[in-house]
Amino acid sequence: MKEQVEKLKQEAVEKIESAKDLKEVNELKVLYMGKKGPVTELTSHMKELSNDERKDFGMLLNDLKQELNSKFEEKIKKYEEEALNAKLASEQIDITLPGTKINNGAPSILEKVIEETEEVFMSMGYDVVDGPEVELDKFNFELLNIPKGHAARDAQDTFYLKDDEILLRSQTSGVQARVMLAHEGKEPIRMICPGKTYRRDSDDATHSHQFMQIEGLLVEQDPISLCDLKGTFEEVAKKLFGADTETRFRPSYYQFTEPSVEMDISCFVCKGKGCSLCKNSGWITVGGAGMVHPNVLNMCGYPADKWNGFAFGFGAERLAMLKYGINDIRTFYNVDLREVKNFDRRDSE
């Protein structure tokens, strides 16, 4: 038996040493060490030996297995290293070559304007609140003093999803109603609610069926007046359009505010002298506002005899078009990098 083991070892070692590649080594390993190989066959003869012979033969077999496994591992490691080095050499990269330019996208113009506006209001203690785009008629109209049958509903030309109860919100004011109801008339409120709104409209250079609004609300028990609203608007206007920007209010009408005003800024192109942008008026309208209507306060859980405040709204697209000189609203929803890349910059202070 000993001679048979030595002969098998010598034969296997010679073949392993002469193996030309990794594939041949692996095949030899299966041939000699596999379930049907000679080493396994010798192991099966252990049961035919006496206890003393089995002990000596077992030691011989263990030495054989260790010797062959060591030879196989050494050879496999050698060929694997050679294969890896050959692969690295063939895939070598010349790092001195100029890199391939990767086109990067640019931040959304609307998001830039909205974030800038949010920063201004947050510096004044306002919270930024979000709400559902699929809204109930109750929050979109009724709690805002626009009952069923009111002419203002036709003017907004709303997308209804189910009868006249569920709709795509035509304004973000519904978020204000939700916040007031959630606070149950117990806490003052300072909030803005930027987000998408939807109205049936033709898509052209100045109109879109989808647009972004930035609406805000302040409710306090301390007396609030249009002077407070004017001061807030002036702060925002100067931050967005420059420190020399002037502001004014003009009388207007909204169902959820009383009194209501249009918010104008002095034309930043002609400085109030008159040009094509401001239609020779020297002023540009950027939003609407007013004191919160008592009916809205009462319906939303804030008794009008104890609470008062103001509300306002801007169109994000309008602010961006004025700020960046964009004359086509469709630019905001265009993925052409040649257009949006022009606005991928930080404005100078």
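Atom set for the values below is all heavy atoms of this structure, side chains included, hydrogens, waters and symmetry mates excluded. FYI, the numbering just counts along the sequence from 1.
Side-chain atoms of Tyr32 and Glu11 include a donor-acceptor pair closer than 3.5 Å. For the 3.5 Å distance criterion, the side chains of Tyr254 and Glu262 qualify, holding a donor opposite an acceptor. Under the 3.5 Å distance criterion, with hydrogens and angles disregarded, no donor-acceptor pair is assigned to the side chains of Tyr253 and Glu258.
Counting heavy atoms from C-beta on, the side chains of Ser170 and Phe141 come closer than 4.5 Å. Under the 4.5 Å side-chain criterion, counting only non-hydrogen atoms from C-beta, Cys278 is in contact with Cys270. Two residues are said to be in side-chain contact when any heavy atoms from C-beta on lie closer than 4.5 Å; Met180 and Val296 meet this criterion. Looking at heavy atoms from C-beta onward, Phe312 lies in side-chain contact with Ile192 at the 4.5 angstrom threshold. For the pair Cys193/Gln176, a side-chain contact is recorded, criterion being any heavy-atom separation below 4.5 Å from C-beta on. Side-chain contact check for Phe314 versus Pro194: every heavy-atom pair is 4.5 Å or farther apart. With contacts defined as side-chain heavy-atom distances shorter than 4.5 Å, the pair Val292/Asn308 does not qualify. Between Leu218 and Ile189, the closest side-chain pair of non-hydrogen atoms is not below 4.5 Å.
Between Ala320 and Val113 the shortest heavy-atom distance is CB-CG2, 3.6 Å. Smallest separation of non-hydrogen atoms from Ile16 and Lys75: O-CE, 3.3 Å. Across every non-hydrogen atom of Glu220 and Pro188, the tightest pair is OE1-CB, 3.6 Å. Pairing each heavy atom of Asn298 with each of Ala304, the nearest pair is OD1-N, 2.8 Å. Here the closest non-hydrogen pair linking Val236 and Phe121 is CG2-CZ, 3.5 Å. Between Leu229 and Gly290, the shortest heavy-atom distance links the atoms CD2-N, 3.7 Å.
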### Query
What's the verdict on side chain to side chain contact (heavy atoms under 4.5 Å, CB included) for Val25 and Lys71, showing C-alpha distance, side-chain angles and the deciding distance?
CA-CA 10 Å; Val25 175; Lys71 292 293 183 180; over 6 Å; no

### Task
Please lay out, stage by stage, how Lys138 and Leu143 fare under the test side chain to side chain contact (heavy atoms under 4.5 Å, CB included).
CA-CA 6 Å; Lys138 171 184 176 182; Leu143 291 177; 3.9 Å; yes

### Task
Any chance you could lay out the side chain to side chain contact (heavy atoms under 4.5 Å, CB included) test for Glu142 and Asp137, step after step, and finish with the verdict?
CA-CA 7 Å; Glu142 291 187 23; Asp137 180 272; 3.2 Å; yes

### Task
Kindly determine whether Asp130 and Val175 satisfy side chain to side chain contact (heavy atoms under 4.5 Å, CB included), including the steps that lead there.
CA-CA 7 Å; Asp130 195 11; Val175 182; 6.0 Å; no

### Task
Decide salt bridge (charged side-chain N to carboxylate O under 4.0 Å, His left out) for Glu24 and Lys15; before the verdict, give the C-alpha distance in whole Å, the side-chain angles of both, and the deciding distance to 0.1 Å.
CA-CA 10 Å; Glu24 188 174 346; Lys15 288 188 177 181; over 6 Å; no

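Checked by atom type and distance alone, the side chain of Thr197 never pairs as donor or acceptor with a backbone atom of Arg169 at under 3.5 Å. A distance-only check finds no donor-acceptor pair linking the side chain of Asp127 to the backbone of Met191 [under 3.5 Å]. With hydrogens and angles disregarded, a donor-acceptor distance shorter than 3.5 Å links the side chain of Ser18 to the backbone of Glu14. Remark: side-chain polar atoms of Asn26 are paired, donor with acceptor, to backbone N or O of Leu22 under 3.5 angstrom. No donor-acceptor pair closer than 3.5 Å links the side chain of Tyr198 to the backbone N or O of Glu133. A donor-acceptor pair under 3.5 Å links the side-chain atoms of Lys230 to the main chain of Thr247, judged by distance alone. Under a 3.5 Å cut-off, the side chain of Asp21 and the backbone N or O of Lys23 do form a donor-acceptor pair. At distances below 3.5 Å, not a single donor-acceptor pair connects side-chain atoms of Thr257 with backbone N or O atoms of His293. Here the side chain of Ser281 pairs a donor or acceptor atom with the backbone of Trp283 at under 3.5 angstrom. Between the side chain of Asp228 and the main chain of Ile224, no donor-acceptor pair closer than 3.5 Å is present.
Hydrophobic cluster membership differs between Tyr79 and Val30, with clusters built from Ile, Leu, Val, Met, Phe, Trp and Tyr side chains linked at under 4.5 angstrom. The hydrophobic clustering, which links ILVMFWY residues whose side-chain heavy atoms are closer than 4.5 Å, places Leu240 and Phe211 apart.
At a threshold of 4.0 Å, the pair Asp157-Arg199 does not count as salt-bridged, since none of the basic side-chain nitrogens sits closer than that to a carboxylate oxygen. With respect to the salt-bridge test (charged N to carboxylate O, under 4.0 angstrom), the residues Lys148 and Glu165 qualify. Ion pairing between a basic and an acidic side chain is recognised when a charged N comes within 4.0 Å of a carboxylate O; Arg250 and Asp264 show such pairing. Between Lys239 and Glu119 there is no salt bridge, since no side-chain nitrogen of the basic residue lies less than 4.0 Å from a carboxylate oxygen of the acidic one. A salt bridge does not link Lys36 with Glu41: every distance from a Lys NZ or Arg NE/NH1/NH2 to an Asp or Glu carboxylate oxygen is 4.0 Å or more. Ionic pairing of Lys9 and Asp63 is not present here: no N-O contact between side-chain nitrogen and carboxylate oxygen is shorter than 4.0 angstrom.
Note that the NZ atom of Lys29 and the CG atom of Asn69 stand 6.0 Å from one another [nearest 0.5 Å].
With ring centers used as reference points, Phe233 lies 6.0 Å or more from Phe310.
Among the candidates Gln255, Glu215, Gln213, the single residue satisfying the side chain to side chain donor-acceptor pair (under 3.5 Å) test with Ser173 is Glu215.
Note that Arg178 lies in the cation-pi zone of Phe139, set by a 6.0 Å cut-off to the ring centre and a 45° limit from the axis.
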